[in-house]
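Working notes, structure below.
Read the numbers this way: they start at 1 and go in the same order the structure lists the ligands and their atoms.
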Amino acid sequence: MIQMQALTRNFGTLHALQGVDLEVPAGSVFALVGPNGAGKTTALKLCVNLLRATTGRVTVMGVDSRRLGPGELAHIGYMAESRQLPEWMPTGYFLSYCREFYPNWSDDDAAELIRRFDLPLDRPLKSLSRGMRMKAALAATLSYRPQLLLLDEPFSGLDVLVREQLIESLLERTPEATILLASHDLAEIESFATHIAYLDEGRIQFAEEMSTLNDRFREIEVLLDSPSDPPPSPPPGWLNLQQSGVTLRFTHACYDPDSTEAEIRRHYPALREITASPLPLRAIVYALAKSSGRTSA
Ligand code: ATP
């Protein structure tokens, strides 16, 4: 659905994206995560031609993003982080206004979303709370049944109930629709993303299916027979190694149930016990950020 090829975007001397290659498969819920300033918003804007690439290119629904026209844009929903809406419009008027732009607009879907989100149609958008404005924007976007949804920080500042309503409404659209979202909200992402890419300083550190990511990360605790020195150069994939007395802890980024125990025993022949525990996404991302010298993600 989206292919980014050697995508680079500079702002003066600042390299916001540095040679990004990324493929977003049709039908996926693809989460783009990473620390502040990693380049997530820039990547989304390049997909919808709100920014031009310095070098490289993005293909969206088979079309170079620089050539997207009304025909393609009628099938793409983009919700920016800033979410600028025409403040003076009453919510109902806003929805009818949007309706005119999209041949695929469904009145039934709009009515259902208005009901589900409990949108006050007669109140101007400027008088709505942040969560209600978000719901109004999402109702306007989902009602034209886009094949591709690009959402920048869709959960920021929303309460738990509103988040759940949003996720429910988004999931109802998949797999017919593809969703690419930039978010810091790892707990929400974990509950519904099928794919994840981690962007740091404009470079993709990893991009994969959530299930393979969950399979390859484990928190490892090793109980040794007696205190011993950590290996001078730990194997690749052993992140944030800590040793205290007879206890050794690290995050394994390439865990394999068939070979990891043997690998640990090669370094620590005298050990009593190995425990490998699955990690929540938040802990995986934190371990990666910490191992690369970053402390926030
Ligand atoms: P956040 O999580 O904080 O929203 P992000 O991952 O979305 O960050 P971007 O907004 O894409 O990051 O910004 C990437 C880098 O590019 C940052 O260093 C930012 O300051 C810079 N940048 C973005 N837009 C511009 C601009 N219009 N002019 C100059 N620099 C910019």
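- More than 12 heavy atoms of other residues, nucleotides or ligands shown are found within 6.0 angstrom of CZ on Arg173.
- Counting protein heavy atoms under 4.0 angstrom from atom 19 (C) of ligand 1 gives zero.
- Remark: Arg99 fails to qualify as a cation-pi partner of Phe94 under the 6.0 Å distance and 45° angle criteria applied to the six-membered ring.
- For Leu199, no heavy-atom contact with ligand 1 is shorter than 4.0 Å.
- Among the candidates Val60, Asn104, Leu68, Leu148, the single residue satisfying the side chain to side chain contact (heavy atoms under 4.5 Å, CB included) test with His75 is Asn104.
- Ligand 1 has no nitrogen or oxygen under 3.5 angstrom from a nitrogen or oxygen of Leu14.
- Ligand 1 has no nitrogen or oxygen under 3.5 angstrom from a nitrogen or oxygen of Ala16.
- Taking the six-membered ring where the residue is Trp, Tyr97 and Tyr93 present parallel rings, their angle staying beneath 30° rather than reaching 60°.
- In terms of protein heavy-atom proximity, atom 11 (O) of ligand 1 is closest to Thr42 OG1, 2.6 Å.
- Taking 4.0 Å as the cut-off, Arg9 does not count as a neighbour of ligand 1 on heavy-atom distance.
- Rounded to the nearest 0.5 Å, atoms CG (Leu213) and NE2 (His195) are 11.5 Å apart.
- Those atoms of ligand 1 with a heavy atom of Ala38 less than 4.0 angstrom away are 5 (P), 6 (O), 12 (O).
- Considering only non-hydrogen protein atoms, atom 3 (O) of ligand 1 sits nearest to Asn36 ND2, 2.9 Å.
- Among Glu201, Lys45, His184, Lys40, the residue whose heavy atom lies nearest to atom 6 (O) of ligand 1 is Lys40.
- In terms of N/O distances under 3.5 Å, ligand 1 is approached by Gly37.
- Considering backbone and side-chain atoms alike, Glu153 places every N or O at 3.5 Å or more from each N or O of ligand 1.
- Heavy atoms of Gly34 stay at 4.0 angstrom or farther from ligand 1.
- By the 30° and 60° cut-offs, the orientation of the rings of Tyr255 relative to His252 is perpendicular.
- Looking at heavy atoms from C-beta onward, Ser143 lies in side-chain contact with Leu113 at the 4.5 angstrom threshold.
- Taken to the nearest 0.5 Å, the OG atom of Ser65 stands 6.5 Å off from the CG atom of Leu46.
- Closest protein heavy atom to atom 10 (O) of ligand 1: Thr41 CB, 3.6 Å.
- For atom 28 (N) of ligand 1, the closest non-hydrogen atom on the protein side is Phe11 CD2, 3.5 Å.
- For the atom pair CG of Leu281 and OH of Tyr286, the computed distance is 15.0 Å after rounding to the nearest 0.5 Å.
- Ring geometry for Phe192 versus Phe155: interplanar angle over 60°, hence perpendicular rather than tilted (30 to 60°).
- Looking only at protein heavy atoms, the nearest one to atom 12 (O) of ligand 1 is Gly39 N, 3.2 Å.
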